[in-house]
Number of protein chains: 2
Amino acid sequence: MTRANEAWESLMKAYAVLMKQFNAEDVWGELTMREYDVLYQLSKCDSPLRLSELNRHVLLSQPALSRMVDRLVERGLVERCPDQGDRRGVRLSLTPAGRETQRAIGRPHARSVTRALSVLTPEEIAQLAVITGKLAGNEEK
Amino acid sequence: MTRANEAWESLMKAYAVLMKQFNAEDVWGELTMREYDVLYQLSKCDSPLRLSELNRHVLLSQPALSRMVDRLVERGLVERCPDQGDRRGVRLSLTPAGRETQRAIGRPHARSVTRALSVLTPEEIAQLAVITGKLAGNEEK
DNA sequence: TTAAGGTAGATGCAAACGCATGGAACTCAG
DNA sequence: CTGAGTTCCATGCGTTTGCATCTACCTTAA
């Protein structure tokens, strides 16, 4: 068992513990955490996002994401427009209602996150961001 | 947006990227990653594990885990015994076949993990283990 | 121009999931 | 000892997921 494997196992455990904790909190309203994640990813990009691009940030298969977007469109939270210039593609964006919903849930959730990470020192939080950034391949050529 | 929130988002992204990467690798045989996770958790404990205890380490609802154990029992990988002393409870352990399957998959998977974390320095790996350990509440009161 | 190969997203279908709930066993106050 | 409350795991049921596949569109090269 290498150090790397121990570290990854520890990361998975932390992820599981915190996700369960967040999921148990009563802030999600009509959304599941996965649905919120989709709204959040969309809220970060002002320009409409491609489905395939969104799929890279969400832990869901492409068909599952496609259908989740269906439901979010049907509920009036997300808009699906054909992409000029690539007519296979789809461009996704939040509706005003979607943006509002994201914010309403995001606020208390962000506080939960801050509280959960308050066991770390500011230095540790900075280190965590750097390390996970490298793992996600942020600075890959 | 606090530093803590940025760090958590970065952790989630790293988790998503690496999980997708691992999932795409051709090492899982007849198992899903979630099923492997259950076998792995069981492989770490020599004494049979309670379902509720196992559930704390796996990102699954209790009914979903109960049924996944059903399937693993049916496939001869896990054994379910009644718990003496608490007749509500169940004690889970790997069968020899389950242990073998876990090892056969675990070996190449562990190499993948090591490779994925090789972008980090040894110091960063050590820091990551410490930080995620704190997040998972390892050293709580 | 057109045929071959690749990519984006949608859909059929069986398997797996979460929520709500159920029964059985444990705990503890009276 | 008994009844109320809790914990542990299983089950019914509607929803969501992943895999395989499909169609439509883009790209490249002859």
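Residue numbers begin at 1 in each chain, while the letters A, B, ... track the order of the sequences.
- Between the C1' atom of D/dC25 and the CD atom of A/Gln84 lies a distance of 15 Å, rounded to the nearest Å.
- Following rounding to the nearest Å, B/Asp70 (CG) and C/dA16 (C1') show an atom-to-atom distance of 12 Å.
- Look at B/Arg71 and you'll find a side-chain N or O under 4.0 angstrom from OP1 or OP2 of C/dC17.
- Side chains of A/Asn55 and A/Ser52: no donor on one and acceptor on the other come within 3.5 Å.
- In this structure, B/Arg67 does not reach the C/dC17 phosphate: none of its side-chain N or O atoms is under 4.0 Å from OP1 or OP2.
- Rounded to whole Å, the distance from CD on A/Gln62 to P on D/dG18 is 11 Å.
- Summarising the geometry, the separation between CZ on A/Arg88 and P on D/dA24 is reported as 14 Å, rounded to the nearest angstrom.
- Under 4.0 angstrom from either OP1 or OP2 of D/dA10 there lies at least one side-chain N or O belonging to B/Ser66.
- For the pair B/Arg56 CZ and D/dC9 P, the computed distance is 10 Å after rounding to whole Å.
- Note: CG (A/Leu51) to P (D/dT23) measures 20 Å, nearest angstrom.
- Looking only at atom types and distance, the side chain of A/Asp37 has a donor-acceptor partner in the side chain of A/Gln41 under 3.5 Å away.
- Using a 4.0 Å cut-off, no side-chain N or O of B/Arg50 falls inside it from OP1 or OP2 of D/dT7.
- Using a 4.0 Å cut-off, some side-chain N or O of B/Arg80 falls inside it from OP1 or OP2 of D/dA10.
- When heavy atoms are screened at a 4.0 angstrom cut-off, B/Ser61 is found touching base atoms of the nucleic acid.
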Quiz item: Should A/Glu79 and A/Thr95 be marked as a side-chain hydrogen bond (donor to acceptor under 3.5 Å, both in side chains) after you check the CA-CA gap, both sets of side-chain angles, and the distance that decides it?
Solution: CA-CA 6 Å; A/Glu79 214 158 21; A/Thr95 64; over 6 Å; no
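- Hydrophobic clustering of Ile, Leu, Val, Met, Phe, Trp and Tyr side chains at less than 4.5 Å, counting indirect connections, keeps B/Leu128 apart from B/Val130.
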